[in-house]
Amino acid sequence: MKLRHLPILALCLASSCEKARKLAEQATSTVKERMAEGGETPVDPELQKLVDQTDEGVIFRKDLPFPAHIQVNSSTTNQLNLRVFEASAIERKSGMLNGVMESTEKIELAGDRLQYSPGEVRITDPTAKDSDGKPKEITGNPLKTAAPPRGFHRRDGKWQADEGGGFAVAATSRDIAPFIDVLLRENALAPRPQWFAKRRVMLGAEIVLTGEALSMLVGGGATGTLNLKLESIGAVAGHPCGVFSVTGDYSRRQFPAFSGGFTDEDVTIQSGKVWLSLIHPLVLKWEMDTIQSFKTGEKGGQQLQAQGTSKVSTTLEWQAAERGL
């Protein structure tokens, strides 16, 4: 659930309080429209055969063999309304960060090989329209061109960064290589370490996650309490899921991201939904309305602190790949 690319987005700080207010109002509408466009999808018939559901409820399975080759296509839409404080070795600045950010990522795991391919990042100003009547892109976006892919390999049980990709890419990859196992679980490429007991869960059932059980939803040694309620049975890109409402608070420190950097964050989920797989211990989709404060950045580099609100929708399209990398 990490907010990606925020150190770069600080370049787009809004300078007017009135503009910030309009951005916040119109961005909310934009995010809701994007979420509505990505509604429920039909369940894949082959995956439905693996679902264990009766009139007495569903079992969230964790007994099936986990595939060795997996591909995940991730897409995120994030409305940001943040007060930002940015510090580097040469300057400090602050301002409001408002707008809608859309990003995509592709991650493929094949045994002991891992490939991460970031897509383009689109940043729009909901208060302005382009010639087609759509939200206008903010100019000067340094992430408009997709960053180069990053590769990792596992040797003697430890993940290491592949050579190549330029100095900056190689340095970031080396920093996050020790945390790949955490990132695999966070991005649905490995089973969550905590999951449901082997008993049926009825619609309307409420579950409280705290302590180690938090890792069902939030990795990286998080602390706090999250409250879940099973609202319905649905699907994400054909993958059968239980759909839960979620509220609560959590905190975690030095949480990594494939795109680079580490984040300390304190998050309150005012309202939200989460889609949990019915056939593997995986989280495949989030929709959240949050209040949060965080500090993020590269090790020894530029740091960004912020507090405010974020309305985010992240979808992980999961599929077992036929062939490896």
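Contact of the L226 side chain with the F244 side chain is not registered, since no non-hydrogen atoms from C-beta on lie closer than 4.5 Å. A heavy-atom distance below 4.5 Å is found between the side chains of Q254 and D264. The side-chain heavy atoms of D266 and R253, taken from C-beta on, include a pair separated by under 4.5 Å. Under the 4.5 Å side-chain criterion, counting only non-hydrogen atoms from C-beta, R122 is not in contact with E120. Proximity of V312 to W286: side-chain heavy atoms (C-beta onward) are nowhere separated by under 4.5 Å.
With sequence neighbours excluded, the residues that form a side chain to side chain contact (heavy atoms under 4.5 Å, CB included) with E231 are K229, S245.
Ion pairing of R113 with D162 is present here, as a side-chain N (NZ or NE/NH1/NH2) and a carboxylate O approach within less than 4.0 Å. Of the charged side-chain nitrogens involved, none lies within less than 4.0 Å of a carboxylate oxygen, so that K158 and D156 do not count as a salt-bridged pair. Looking at K285 and E287, a side-chain N of the basic residue comes within less than 4.0 Å of a carboxylate O on the acidic one, giving a salt bridge.
Ring geometry, H280 versus H239: the interplanar angle falls from 30° to 60°, so the pair is classed tilted. Using cut-offs of 30° and 60° on the angle between ring planes, the pair F258 and Y116 is parallel.
Closest approach of R61 to D52, counting heavy atoms only: CD-CB, 4.3 Å. The shortest non-hydrogen separation linking L282 to W318 is CD1-NE1, 3.5 Å. In plain terms, the two heavy atoms of F179 and P256 that are nearest each other are CB-CG, 3.6 Å. Contact detail for P240 and I279: the closest heavy-atom pair is CG-CG2, 4.5 Å. For R185 against R192, the heavy-atom pair with the smallest separation is O-NE, 3.5 Å. Annotation for S103 and V121: closest pair CB-CG2, 4.1 Å, computed over non-hydrogen atoms.
Counting only N and O atoms by type, the side chains of N78 and S310 include a donor and acceptor under 3.5 Å apart. With 3.5 Å as the limit, one finds a donor-acceptor pair spanning the side chains of T290 and Q292. Residues T76 and T314 bring a donor and an acceptor atom of their side chains to less than 3.5 Å of each other.
Not a single donor-acceptor pair under 3.5 Å links the side chain of N187 to the backbone N or O of L189.
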- Task: Evaluate side chain to side chain contact (heavy atoms under 4.5 Å, CB included) for I291 paired with Q270, printing each intermediate quantity in order.
- Result: CA-CA 7 Å; I291 300 172; Q270 298 184 101; 3.5 Å; yes
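In the displayed structure, K62 atom NZ is contacted under 6.0 Å by more than 12 heavy atoms of other residues, nucleotides or ligands.
Aromatic ring centres of Y250 and F255: separated by at least 6.0 Å.
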Distance-only check: which donor-acceptor pairs under 3.5 Å involve side-chain atoms of residues 215-225, not counting sequence neighbours?
residue, atom, partner, partner atom, Å
S215, OG, E212, O, 2.8

